[in-house]
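Notes follow the structure.
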Amino acid sequence: MKSRQNSDVLPSLVELKGKKVADIGCGDGSLTRLMTRHGANVIGVECSKSQLASARAHKPAGNENYSEGLGEDLSFEDGNLDLVVFFNSLHHIAIDKQDKALAEAARVLKTGGLVYICEPLAEGKHFELMQPVHDETAVRAAAIQAIGRAAKHGFSQELETTYLHQASYPDYAAFRARILAINPGLKDHFSDLQKILKNNFDSLGEKTDEAIQFGQPMRVNLLIKTA
């Protein structure tokens with residue numbers, strides 16, 4: 001599997017300049033700002049108040065905006081967007097609402113608009129690292145299955161590709177902080193499993209001059225709204 005960084009893949013596959021974009025589950029806004037720097041007009045949608053506050057606290061990349069909301073209940077008008085992005089976020093939507101999220105993406109997109117879905121696979125060293133404290137095997141599998149049903153929402157597939165992203169952390173504390181920023185409810189589990197997690201961090205990581213890296217296989221599905 002070819003090694004590529006997440007931040008390089010989206011701009012290489014999708015024309016962003018001048019496009020109206022919704023970044024669903026935008027987290028701290030990193031991808032929202034990246035797409036803005038590539039010339040897109042982006043609204044980041046996030047349900048976590050703390051993540052939304054973090055996104056708004058960053059220095060703006062341009063005219064990006066952020067909105068509190070859910071992927072399965074978007075506030076955008078029908079047929080108004082060129083691109084909807086689910087980056088590492090579809091599996092965070094409740095399994096019984098993932099189809100609704102894709103239906104919402106279809107609703108808000110123009111005919112010919114695209115949905116970009118990038119999902120981490122349930123394999124690889126980064127998955128092994130976090131599995132003891134946050135096993136996402138079931139939700140990641142469900143997201144892939146939901147993508148397979150996208151045709152019923154009026155989508156056809158433009159492309160599917162996989163690559164190996166290197167998740168980098170300067171130390172164990174940074175890994176812990178990153179996971180807890182996304183899933184604050186795991187704090188007690190981290191404490192209970194600290195010995196196992198620290199051992200995984202030390203044994204699975206590949207040290208570089210700047211950080212410690214963990215390979216994470218990723219899958220991208222680029223879908224076009226045809227109806």
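This is a predicted model, so every value here is computed, not measured. Positions are given from 1 along the sequence.
Using a 4.5 Å cut-off on side-chain heavy atoms (C-beta onward), S168 and E210 make no contact. Using a 4.5 Å heavy-atom cutoff, the side chains of L197 and K195 are not in contact. For the pair H92/E136, a side-chain contact is recorded, criterion being any heavy-atom separation below 4.5 Å from C-beta on. At least one side-chain heavy atom of I117 sits under 4.5 Å from a side-chain heavy atom of L102. Counting only heavy atoms from C-beta outward, the side chains of R149 and D99 approach each other to under 4.5 Å. Under the 4.5 Å side-chain criterion, counting only non-hydrogen atoms from C-beta, T226 is not in contact with T111. Under the 4.5 Å side-chain criterion, counting only non-hydrogen atoms from C-beta, L186 is in contact with H189. Inter-residue side-chain proximity for E15 and D82 is flagged as unmet; no heavy-atom pair is nearer than 4.5 Å.
The cationic atom of R176 (NZ for Lys, CZ for Arg) lies less than 6.0 Å from the six-membered ring centre of F190 and within 45° of the ring axis.
Put simply, Y66 and I43 are part of two different groups of oily side chains (I, L, V, M, F, W, Y) that touch within less than 4.5 Å, one to the next. Following chains of ILVMFWY side-chain contacts shorter than 4.5 Å, one can reach I144 starting from I24, so the two form part of one hydrophobic cluster. Note: the hydrophobic cluster containing L81 also contains L74 (ILVMFWY, side chain heavy atoms under 4.5 Å, direct or indirect links). With hydrophobic clusters built from ILVMFWY side chains whose heavy atoms lie under 4.5 angstrom apart, I182 does not share a cluster with Y169. When the side chains of ILVMFWY residues are joined at heavy-atom separations under 4.5 Å, either directly or via intervening members, F175 and I196 end up in a single hydrophobic cluster.
For the pair N6 and C118, the tightest heavy-atom approach, listed with the atom from each and the gap, is OD1-SG, 4.5 Å. Nearest heavy-atom pair, A105 versus V115, reported as atom, atom and distance to 0.1 Å: CB-CG2, 4.4 Å. R33 and D28 make their closest contact through NH1-O, 2.8 Å (heavy atoms, listed as atom of the first residue, atom of the second, distance). When all heavy atoms are compared, the tightest approach of A103 to H153 is CB-ND1, 3.6 Å. Taking all atoms of both residues into account, the shortest heavy-atom contact from R37 to A61 is CG-CB, 3.7 Å. In this structure, G124 and P217 approach most closely via the heavy-atom pair CA-CD, 3.7 Å.
Side-chain contacts under 4.5 Å among hydrophobic residues (ILVMFWY), followed directly or transitively, place F87 together with V9, L10, L13, V14, L16, V21, L31, L34, M35, V42, L83, V85, L114, Y116, L159, Y163, M218, V220, L222, I224.
Distance alone, capped at 3.5 Å, places no donor-acceptor pair between the K225 side chain and the G112 backbone. Put simply, the side chain of D135 gets close to the backbone of T137: a donor and an acceptor are under 3.5 Å apart. A donor-acceptor pair under 3.5 Å links the side-chain atoms of Q216 to the main chain of F127, judged by distance alone. The main-chain N or O of I93 is found under 3.5 Å from a side-chain atom of Q98 such that the two form a donor-acceptor pair. The main-chain N or O of N199 is found under 3.5 Å from a side-chain atom of S203 such that the two form a donor-acceptor pair.
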**Message:** Does E68 form a salt bridge (charged side-chain N to carboxylate O under 4.0 Å, His left out) with K49? I'd like the steps, not just the answer.
**Reply:** CA-CA 7 Å; E68 185 174 356; K49 293 183 184 297; 3.1 Å; yes
**Request:** Begin with the C-alpha distance, continue with both residues' side-chain angles, and end with the deciding distance and a verdict on side chain to side chain donor-acceptor pair (under 3.5 Å) for E128 and H126.
**Result:** CA-CA 5 Å; E128 291 180 47; H126 191 259; over 6 Å; no
**Message:** Please determine whether side-chain contact (heavy atoms from CB on, under 4.5 Å) holds for the pair F76 and V45, giving the CA-CA distance in whole Å, both sets of side-chain angles, and the decisive distance to 0.1 Å.
**Reply:** CA-CA 11 Å; F76 303 104; V45 178; 3.9 Å; yes
**Full working for side-chain contact (heavy atoms from CB on, under 4.5 Å) between S12 and R4** = CA-CA 11 Å; S12 75; R4 302 185 70 184; 3.0 Å; yes
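Side chain to side chain, R219 and T161 fail the donor-acceptor criterion of an N or O pair below 3.5 Å. N88 and E119 share no side-chain donor-acceptor pair at under 3.5 Å. A side-chain donor-acceptor contact under 3.5 Å links N221 and E160. Between K20 and N80, the side chains place a donor N or O and an acceptor N or O closer than 3.5 Å (distance only, hydrogens not considered).
R178 CZ: 12 or fewer foreign heavy atoms inside a 6.0 Å radius. Counting heavy-atom neighbours within 6.0 Å of K110 NZ, excluding the residue itself, gives a total above 12. Heavy atoms from other residues, nucleotides or ligands lying under 6.0 Å from NZ of K207 number 12 at most. Within a 6.0 Å radius of CD in Q5, more than 12 heavy atoms belonging to other residues, nucleotides or ligands are found.
Here K97 does not pair with D73 in a salt bridge; the nearest charged N to carboxylate O distance is not below 4.0 Å. A salt bridge is defined here as a Lys NZ or Arg NE, NH1 or NH2 lying under 4.0 Å from an Asp or Glu carboxylate O, and R107 with D78 meets this definition.
Taking the centre of each ring, F214 and F201 come in below the 6.0 Å mark.
Atom CD of E72 and atom NZ of K100 lie 7.5 Å apart (nearest 0.5 Å). Note that NZ of K198 and CG of D171 are 9.0 Å apart. Values are rounded to the nearest 0.5 Å. Interatomic distance, CG of D202 versus CD1 of I212, reported as 7.0 Å (0.5 Å rounding). The CG atom of L129 sits 6.5 Å away from atom CG of L204, with the distance rounded to the nearest 0.5 Å. Between the NE2 atom in H134 and the CG atom in L180 there is a gap of 10.5 Å [rounded to 0.5 Å]. Distance OG1/T32 to CG/N65: 10.0 Å, rounded to 0.5 Å.
A search for ring pair (Phe, Tyr, Trp, His ring centres under 6.0 Å) contacts involving F86 returns nothing, not counting sequence neighbours.
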